[in-house]
Amino acid sequence: MKAFKSILATLLLLSLIITSGYAKVDKESLTMDYAIKTYIGAVSQGKIKGIEDILDRNVKFTLAQGSKVINYNRAEMISSLKVSENINQNCKTDYSIIEKGDAQSIVKVTMTYENFSKVNYVTISNTDEGWKITNVSSVFN
């Protein structure tokens, strides 16, 4: 009987560990603050946990390089972030809220490197699934 209880307890613990790894973030935890901090952690420190939860299905990424604009979709951005997972950028990162509303906000994220800066203008929308990033436009200074 003791062996049965031990096995049952072990199986229960194992199932809890496995299912917690697959748990989705609920709407209440997808706040604007959570979304922007998760985004900053991903792009500046390679902390990609939760990044898929905060990106809208139709998110658009644009990057201005001189007179050329490069467009990325959600899958391409996630793939790029996975390549740089756990890589800490050698920059100072700061953000400020440019416009804050109940339905949508615009946040300026500045990544300052030694010789240049990358500025990301991040649009975050309050969707049925919580606050999600819907657009990111990046420029280099």
Side-chain angles (χ1 to χ4, degrees), residues 2-141:
K2 278 187 176 182
F4 176 73
K5 287 182 180 179
S6 294
I7 291 171
L8 186 59
T10 302
L11 289 175
L12 180 61
L13 181 61
L14 184 59
S15 69
L16 285 173
I17 291 170
I18 290 170
T19 57
S20 69
Y22 294 105
K24 280 291 191 186
V25 177
D26 60 42
K27 180 181 176 174
E28 286 75 36
S29 64
L30 285 178
T31 63
M32 187 178 84
D33 187 57
Y34 174 80
I36 196 63
K37 287 182 179 175
T38 300
Y39 173 78
I40 290 171
V43 297
S44 67
Q45 301 167 350
K47 297 178 181 178
I48 64 169
K49 182 180 179 190
I51 192 68
E52 293 184 43
D53 296 324
I54 57 129
L55 296 178
D56 189 68
R57 283 185 292 282
N58 299 314
V59 64
K60 292 180 176 50
F61 295 89
T62 59
L63 174 64
Q65 289 186 322
S67 61
K68 187 177 179 183
V69 175
I70 301 169
N71 296 297
Y72 297 98
N73 63 29
R74 183 180 194 274
E76 292 168 323
M77 187 61 179
I78 290 171
S79 178
S80 172
L81 289 169
K82 285 183 178 179
V83 168
S84 62
E85 184 174 9
N86 297 319
I87 296 175
N88 196 6
Q89 297 288 316
N90 188 20
C91 66
K92 179 184 174 217
T93 306
D94 194 17
Y95 74 96
S96 60
I97 298 172
I98 296 174
E99 192 68 37
K100 185 174 184 177
D102 293 336
Q104 190 175 58
S105 295
I106 301 172
V107 179
K108 179 181 178 182
V109 178
T110 305
M111 300 171 69
T112 306
Y113 295 85
E114 187 174 327
N115 297 318
F116 66 96
S117 293
K118 179 181 178 186
V119 179
N120 300 295
Y121 294 96
V122 181
T123 303
I124 305 174
S125 300
N126 192 1
T127 71
D128 290 339
E129 300 170 349
W131 285 87
K132 302 267 188 170
I133 294 175
T134 55
N135 192 311
V136 178
S137 296
S138 301
V139 295
F140 289 93
N141 294 330

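Here, residue 1 is the first one in the sequence, and each next residue gets the next number. Quick note: numbers below take in every heavy atom, side chains included, and nothing from hydrogens, waters or symmetry partners. These numbers come from a predicted model, not from an experiment.
The line from CG of Asn86 to NZ of Lys47 is 9.0 Å long, rounded to the nearest 0.5 Å. The structure places CD1 of Ile54 at 7.5 Å from OH of Tyr34, a figure rounded to the nearest 0.5 Å. Of the inter-residue distances, the one linking Leu30 atom CG with Thr127 atom OG1 reads 7.5 Å to the nearest 0.5 angstrom. With values rounded to the nearest 0.5 angstrom, Thr123 atom OG1 is found 4.5 Å from Asn135 atom CG. From Asn90, atom CG reaches atom OG1 of Thr112 across 11.5 Å, with rounding to the nearest 0.5 Å. In this structure, Met77 CE and Ile51 CD1 are separated by 7.0 Å, a value rounded to the nearest 0.5 Å.
A pairwise comparison of heavy atoms in Met32 and Ile124 identifies CG-CD1, 4.1 Å as the closest pair. In this structure, Ala42 and Leu81 approach most closely via the heavy-atom pair O-CD2, 3.8 Å.
Two residues are said to be in side-chain contact when any heavy atoms from C-beta on lie closer than 4.5 Å; Tyr39 and Val107 fail this criterion.
With sequence neighbours excluded, the residues that form a side chain to side chain contact (heavy atoms under 4.5 Å, CB included) with Glu85 are Ile48. Scanning for ring pair (Phe, Tyr, Trp, His ring centres under 6.0 Å) contacts around Tyr113 gives Phe116, with sequence neighbours left out. Residues forming a salt bridge (charged side-chain N to carboxylate O under 4.0 Å, His left out) with Lys37 (at least two apart in sequence, or on another chain): Asp33. Judged as a salt bridge (charged side-chain N to carboxylate O under 4.0 Å, His left out), and not counting sequence neighbours, the contacts of Lys132 are Glu129. Taking Thr93 as the reference, Ile40, Ser44, Cys91, Val109, Met111 meet the side chain to side chain contact (heavy atoms under 4.5 Å, CB included) condition, with sequence neighbours excluded.
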Please tabulate, for the side chains in residues 63-74, all donor-acceptor contacts under 3.5 angstrom to protein atoms that are two or more places apart in sequence or on a different chain.
| unit_1 | atom_1 | unit_2 | atom_2 | d |
| --- | --- | --- | --- | --- |
| Asn73 | OD1 | Ala75 | N | 3.1 |
| Asn73 | OD1 | Glu76 | N | 2.8 |
| Arg74 | NE | Leu55 | O | 3.3 |
| Arg74 | NE | Asp56 | O | 3.4 |
| Arg74 | NH2 | Glu52 | O | 2.6 |

